[in-house]
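Here is the naming used below: chain letters follow the sequence lines, and residue numbers restart at 1 for every chain. Computed over heavy atoms, backbone and side chain alike; hydrogens, waters and symmetry mates excluded.
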Amino acid sequence: MKSIKHMVPAVLTGAGVFAGSLLASVAAFAQDADPAVLDSGDNAWLLVSTTIVLMMTIPGIALFYGGMVRKKNVLSVLMQSFAICCLISILWFVVGYSLAFKGEGAFIGDLSGAFFKGLTVDSLLGDSGPTISEATFVIFQMTFAIITPALIMGAVAERMKFSAVLIFTALWSLLVYVPIAHMVWGSGGIFLEMGALDFAGGTVVHINSGVAALVACLVLGKRTGYRTENMAPHNLVLTVIGASLLWIGWFGFNGGSALGASGGAAMALITTQIAASAAALAWMFAEWMVHKKPSVLGVASGAVAGLVAITPAAGFVTAGGAFWIGLAGGVICFFASTAVKRKLGYDDSLDVFGVHGVGGIVGAILTGVFATSVITGADAPVGLLEGNGGQMMVQIYAIVATIIYCAIVSYIILKVLDLIMGIRVDVDSEREGLDIRLHGESVL
Amino acid sequence: MKSIKHMVPAVLTGAGVFAGSLLASVAAFAQDADPAVLDSGDNAWLLVSTTIVLMMTIPGIALFYGGMVRKKNVLSVLMQSFAICCLISILWFVVGYSLAFKGEGAFIGDLSGAFFKGLTVDSLLGDSGPTISEATFVIFQMTFAIITPALIMGAVAERMKFSAVLIFTALWSLLVYVPIAHMVWGSGGIFLEMGALDFAGGTVVHINSGVAALVACLVLGKRTGYRTENMAPHNLVLTVIGASLLWIGWFGFNGGSALGASGGAAMALITTQIAASAAALAWMFAEWMVHKKPSVLGVASGAVAGLVAITPAAGFVTAGGAFWIGLAGGVICFFASTAVKRKLGYDDSLDVFGVHGVGGIVGAILTGVFATSVITGADAPVGLLEGNGGQMMVQIYAIVATIIYCAIVSYIILKVLDLIMGIRVDVDSEREGLDIRLHGESVL
Amino acid sequence: MKSIKHMVPAVLTGAGVFAGSLLASVAAFAQDADPAVLDSGDNAWLLVSTTIVLMMTIPGIALFYGGMVRKKNVLSVLMQSFAICCLISILWFVVGYSLAFKGEGAFIGDLSGAFFKGLTVDSLLGDSGPTISEATFVIFQMTFAIITPALIMGAVAERMKFSAVLIFTALWSLLVYVPIAHMVWGSGGIFLEMGALDFAGGTVVHINSGVAALVACLVLGKRTGYRTENMAPHNLVLTVIGASLLWIGWFGFNGGSALGASGGAAMALITTQIAASAAALAWMFAEWMVHKKPSVLGVASGAVAGLVAITPAAGFVTAGGAFWIGLAGGVICFFASTAVKRKLGYDDSLDVFGVHGVGGIVGAILTGVFATSVITGADAPVGLLEGNGGQMMVQIYAIVATIIYCAIVSYIILKVLDLIMGIRVDVDSEREGLDIRLHGESVL
Amino acid sequence: MKFIVAIIKPFKLDPVREALTALGIEGLTVSEVRGYGRQKGHTEIYRGAEYQVSFLPKVKIEIAVKSDLAEQTVEAIKTAAYSGQIGDGKIFVFDLAHVLRIRTSETDAAAL
Amino acid sequence: MKFIVAIIKPFKLDPVREALTALGIEGLTVSEVRGYGRQKGHTEIYRGAEYQVSFLPKVKIEIAVKSDLAEQTVEAIKTAAYSGQIGDGKIFVFDLAHVLRIRTSETDAAAL
Amino acid sequence: MKFIVAIIKPFKLDPVREALTALGIEGLTVSEVRGYGRQKGHTEIYRGAEYQVSFLPKVKIEIAVKSDLAEQTVEAIKTAAYSGQIGDGKIFVFDLAHVLRIRTSETDAAAL
Ligand SMILES: Nc1ncnc2c1ncn2[C@@H]1O[C@H](COP(=O)(O)OP(=O)(O)O)[C@@H](O)[C@H]1O
Ligand SMILES: Nc1ncnc2c1ncn2[C@@H]1O[C@H](COP(=O)(O)OP(=O)(O)O)[C@@H](O)[C@H]1O
Ligand SMILES: Nc1ncnc2c1ncn2[C@@H]1O[C@H](COP(=O)(O)OP(=O)(O)O)[C@@H](O)[C@H]1O
């Protein structure tokens, strides 16, 4: 489990998937293996990873986004992250975890583990060898389920009703997040079977949230005054704190996805760090050339773009591979969030699509390029550079399928909600600010 | 140690107590057990737990409270948390740890471990099996001793002299915190002997600080202008950061109280998450109904209320139990901090009693209801729902005794200090703000 | 590895050095020892330490410094920390790590590990017994390489060109940081061979950055309006958050330097906590006496001074020793950063020299005084108090050599850069603020 | 010369400034103020404590103009700041005795 | 018409506003200012660097009133803002040439 | 009496205050404003979205003085606030009808 050498099938499927199949008792390695036993070091690292991935949402995303909106809306943005965290936690307990990780369906799990049925302090993940507690896996995955819808909110900031945010989040999590998570990581999931590589959730978390974000901001429409009024970020100090906590927490996101405190986890930290750094510098220099000044918003955005891009690859590539993935992620997301976005004219308030959607796609494709047996320990070539062109096809298939599924279902949810209850606040509220109008509070 | 199955006596006493008795060399399990040996995974998790529980006070509480006061007092509030952290660290070293955890007294320990006498890098906690370093336990517990008086300060914010804060903290820690900690967790402590359940410090930390807070704000009197001037929180962004860090840190608070990176620790993270989420949503919806708008201060307060309520129960209940405890904590603390407080008219500036006192009592009682052998692995029924009504009586006894002891001693300390030195600033300082008057600083 | 008892040579060299020599395959203990094997608990603790040491720079230093400058420059300060983090990460990958930790040179390593050549998921640190992954060591050390130049920036805040910051950082890291790190920790390094004690980087990180900071602020000149205009910190809330995160992260800095989740790591947390607390209180009371009011900037500065002072000693002294080191660090840095600085008249904007330089020197000397066999497990006397006066001489030698080397090379780099490109912004930019002029951004 | 002070809604600042530039007015000074008037404020509730916020954010614009431009200026502001809803604000006109441009020491009309 | 400008201590804002409402005055504009005068400031010290803060926070209230109400208004402000301590502030009275309500185009007395 | 309003560059506040104290002026009121004029603003770019910031930070100083001091006061401000660069600002002088010191009820010249 800890040793990446034992993870040959994971090479084809990603560590998350591996966990899924273990959970589902696919006794692949159980033959002459020792019985499963809790490894306290691995479990400790996963408990910590859980903690810091939670920190990515509260206060990470909350601050990253909060600093970028106008002052009159900052509390509404914090409120969204915080409330989504609470709501998804309860949903994960009720049915989410079970639908994502129990059962053998190709598209979705089953309800056998609803309300955490059968989960005890002694449940272990997998059947053999040193491993972690199932309870640890449950809450580690919970933090991924939390952050994904929280990310989407950046696209609809400053104009979506809070009641609509709650209902959309609940429906989207069950109808989009949970099925995609199962398809990518769950036992029997189609992308898993197909051999798509997604180490820590590039598809499930980032492409998914990025695409939903784009759909949501299109359905919702532009902010009143977009391109005519000054919508400059009110306090980038908050944004830098948020970006820093995202970076820190990503060590748990990617490092924890090794499912143990192994050398593979350490290597995932290295690839994460290199990709984030390369992307941040890439964005910064691109901006310096194009807009004449390097900005702290730019360097922070670049870091997040790099973190997104390395997510599917973190445990499959070398530091060198990570460098190129980061570089590509930084430059491409820079253009996606500036020139391209301006040209297309949609109002994705905080560039969720430009960073998470585009960065996720870049990362998923480049995973197929740079994944290497040097790191995974596989016997056969893994990525395109090693001569395995087929992997690229699988990657693209998974990306396209995710985009299509996510876009359609997100669109339907939003349209239905808009018909039933209206999802956008009125212009006066937008003008006065959501903090006072929706929450009766304000920052002095 | 790690495995909750070995913790049968802990079922009756809480993991902290268990540690206490181990420390005191009660050789309960030593008979045919292996000699004690350091488990690096368990020790790693406890080192991390220590780190994040420290983060709960600096900057957690500091920000949670700092955002809720008026701008002219924000630095004075940060100053209190920070200085208390420093002061208690030194006191813990000098006598605190020894008086809380050494010796066999019913009410207090002894001075045999003053100045950490006898503590070496090789000292282990307990006599047998895989365990953690005693040094780890010493500093883990230090962070609990730090946060408790820091919590109290919310009740006296914006009007207490800083010199009085320091002296009160030192005296209160030695005369109230240390004895209660010994009674609940120390070898021979009366509540321990009695079998009161307090997994991570519901009584020692929360009821204790909540009651002292109520006494302190009554002795000190209301803020000048209370109910006539606008005392709205000046920056809830800080409060949300603080609440988030409290939540994150609580994973160490409750998870670390399992004293190892076990499945039990993971389960404690789950119960903590579910209770916090349920309480946050409960407070939010209650407020939505009563005050017509859901607020970010509300959802953050609710989360803290849920975290307080689950503290004594975190390692004894299922996720389902945690849900109900959170729900009750959220709703009851909401009414305690709003309608009930308004009716009674006391000025507990930041609702320490309404959240920590009331939430602590709710949690301690419900621990007696929901504690279950399913989680603790006990052979006999544990909580009321399993048919063991006696546990409730023990819980209530411990609660009432703590309240009475804490209230009386806190009152005496404050009254004596007030006579000797005066504990309240003058009206001009209150008007101009404590930042400038007491600390010669201000936030622009 | 974990057990300090096995670290006899480390007693003379510091744990970092120990790691260095292990890396270099000095087969000191390999004779009848078991082959090296990954200890997941130790590795977990080091992964966490890495994470929180990274947090010391982003957002720790960024906020600590950001709060102390004028509002018009806050983003420029954040930008420096963030960009330095990215830049050093890439440099470390390209040549930094190899030059610091590969090879056997007295003054510098070699290029055998450039681009992390030879690093695999299976590489372990050292040859025998339970140990950590080399990848873990690589990224743990990377975070130290990141924070050191980030610290320097406090001295040049509010007036240095961003382009010059980047180039200076790259050159300084390669020409100063890397050689000093090799001399102190690398296999064959002269200070290592000499037996200088530096547990976690007092010389490499703090004296080094403090001296470079002093040189840099002298070369750069005073800020326009220094001593005539109001340069009061614009938002000490940020500074307190930063100081708190520094404190928290220092648990990884010092605790992680034990290279395992051992009792020694726990003891290092205790000495860190006691020294920080003692120093914070010392600074606070000194200020209370001298300037009539205790300030939150004072208590926070004192804590950092104490953390700096304990850094070289954290794994070599008792809690009692830590108390005296903290006390001395707090008082001496207070006078260095106030009265002495005023008298000498240099403009070290945020007192990097007064806190890190002076605190580092105090700590390095007192390590020679208080280091004790009680903690290190050495057979011979260790520090001056145990009768080993020679250690003091070695300490002073290493300090003086570091100061001279660092001062000269830093001076040359800065002067050359100033000639080639100019390192200071023009007066108009200083007046309007670097945020707008250099980065095209502002905080509302 | 006249000194015109206008209290307007914050989001009307840009339109007003453009209207004034169109008139050839090259200078003005703006400040953030809070206004009390017929327009209702709002209530904020923090843990059950209600605060009536009766002061609303407004922007104050100050413009010194030659007397003959005053009427046009007032008209331009009125048109640009108008939304028709309560709280649109007021325009006050004062006599201005004397003006000086610091940089050039020009005075009165030449200084505008 | 008269234009009254009062510089008062911040915590006197609410009492003054109430006194004015009692007089039937329905509008006023408030801004945060810093005042220098007989009232001493304070010293802030940051790591030994002393900054004399001689400007103190004050609130400026601006009210346009019909001329016959001016005296009463000044009196009301004076009474409500009085604490008897140095720094209570000043009231300035100006002639106001012209007023216009943006929403209705009413002018002068009708616009108040 | 005269009421003098000066719009100056922020970093000139301390010199101006000192110049006024030297003249024996014991009171003044200061506020932070934003100015639009000949001085060019700057552009901020956030992820490619450009915002023209045409308002620059300025400080407004208000001083009530006896009429005979007015000229000297204007002169003193001009000298202290002068940098010779565009954007140095303006000084406006108004007639002041009436002054009252709240603390003592002194009026007019005695209240200054
Ligand atoms: N008498 C007054 N003196 C000074 N300012 C006033 C006066 N009356 C109104 N104002 C300012 O004008 C703003 C708008 O006035 P209000 O009565 O709310 O709406 P309207 O101008 O549409 O009737 C107020 O918020 C206040 O700032
Ligand atoms: N000549 C003046 N011009 C403008 N504002 C003044 C003048 N004198 C005083 N002020 C304002 O009035 C405030 C109070 O004045 P001060 O002299 O401190 O106390 P008092 O009014 O009680 O004598 C000052 O802070 C300043 O804002
Ligand atoms: N007509 C005016 N009315 C009010 N304020 C003005 C006027 N003209 C200029 N100002 C103020 O004076 C400041 C400086 O004016 P500006 O034209 O930039 O430079 P200068 O005074 O050197 O010619 C402006 O920022 C604005 O605040």
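- Rounding to the nearest 0.5 Å places OG of C:S277 at 12.5 Å from CD1 of B:I84.
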Q: Applying side chain to side chain contact (heavy atoms under 4.5 Å, CB included), run through B:L54 and C:I248 and close with a yes or a no.
A: CA-CA 7 Å; B:L54 179 60; C:I248 300 297; 3.8 Å; yes
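- If you tally non-hydrogen atom pairs under 4.5 Å between each of B:F116, B:F140, B:F162 and chain C, the highest count goes to B:F162.
- Within the 4.5 angstrom heavy-atom criterion, only side-chain atoms of B:L166, from C-beta onward, approach chain C.
- Heavy-atom pairs under 4.5 Å with chain C were tallied for B:T136, B:I90, B:D435, B:T120; the largest tally goes to B:I90.
- Among C:A44, C:A280, C:P294, the residue making the largest number of heavy-atom pairs under 4.5 Å with chain B is C:P294.
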Q.
Please determine whether side chain to side chain contact (heavy atoms under 4.5 Å, CB included) holds for the pair C:V237 and B:L63, giving the CA-CA distance in whole Å, both sets of side-chain angles, and the decisive distance to 0.1 Å.
A. CA-CA 8 Å; C:V237 173; B:L63 294 173; 4.0 Å; yes
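- When the candidates B:A83, B:S81, B:S133, B:G60 are compared by the number of heavy-atom contacts under 4.5 Å with chain C, B:S133 comes out ahead.
- Of all the listed residues (B:L119, B:I241, B:V74, B:L238), the one sharing the greatest number of non-hydrogen pairs under 4.5 Å with chain C is B:L119.
- Comparing B:T57, B:L87, B:L438 by heavy-atom pairs within less than 4.5 Å of chain C, the highest count is held by B:L438.
- Remark: B:S40 OG to C:I132 CD1 distance equals 12.0 Å, nearest 0.5 Å.
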Q. When you look at B:T50 and C:Q273, which way does the side chain to side chain contact (heavy atoms under 4.5 Å, CB included) test go after all the steps?
A. CA-CA 11 Å; B:T50 300; C:Q273 181 78 8; over 6 Å; no
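- The contact between B:T51 and chain C is made by backbone and side chain atoms together, counting heavy-atom distances below 4.5 Å.
- Neither the backbone nor the side chain of B:I52 has a heavy atom closer than 4.5 Å to any heavy atom of chain C.
- Only the side chain of C:M284 has a heavy atom closer than 4.5 Å to any heavy atom of chain B.
- In this pair, C:W247 and B:F82 present their aromatic rings perpendicular. The plane angle is above 60°, beyond the 30 to 60° band.
- Minimum heavy-atom separation, C:K293 to B:R437: CE-O, 3.0 Å.
- Heavy-atom pairs under 4.5 Å with chain B were tallied for C:L269, C:V48, C:N235; the largest tally goes to C:L269.
- Residue C:L245 holds its CG atom at 7.5 Å from CG of B:L245, rounded to the nearest 0.5 Å.
- C:A261 approaches B:N43 most closely through the heavy-atom pair O-ND2, 2.7 Å.
- Taking CD1 from B:I61 and OG from C:S244, the interatomic distance works out to 12.0 Å, rounded to the nearest 0.5 Å.
- Chain C forms the most heavy-atom pairs under 4.5 Å with one residue out of B:M142, B:M79, B:Q80, B:M55, and that residue is B:M79.
- Residue contact with chain C, scored on non-hydrogen atoms closer than 4.5 Å, involves the side chain of B:V138 exclusively.
- For the pair B:L47 and C:A265, the tightest heavy-atom approach, listed with the atom from each and the gap, is CD1-CB, 4.0 Å.
- If you measure heavy-atom distances from C:A303 to chain B, the contacts under 4.5 Å come from the side chain alone.
- Each of C:L46, C:V374, C:L281 has some count of heavy-atom pairs under 4.5 Å with chain B, and the biggest count is that of C:L281.
- Within the 4.5 angstrom heavy-atom criterion, atoms from both the backbone and the side chain of B:S163 approach chain C.
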Q: Check step by step if side chain to side chain contact (heavy atoms under 4.5 Å, CB included) holds for C:L297 and B:H439.
A: CA-CA 9 Å; C:L297 177 59; B:H439 307 298; over 6 Å; no
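- Of the inter-residue distances, the one linking B:F93 atom CZ with C:T318 atom OG1 reads 7.0 Å to the nearest 0.5 angstrom.
- B:E441 contributes no side-chain N or O that, together with a main-chain N or O of C:L236, makes up a donor-acceptor pair within less than 3.5 Å.
- Of the two parts of B:F115, neither the backbone nor the side chain holds a non-hydrogen atom closer than 4.5 Å to a non-hydrogen atom of chain C.
- By the neighbour-count criterion of 12 heavy atoms within 6.0 Å, atom CH2 of C:W324 is sparsely surrounded, having that number or fewer from other residues, nucleotides or ligands.
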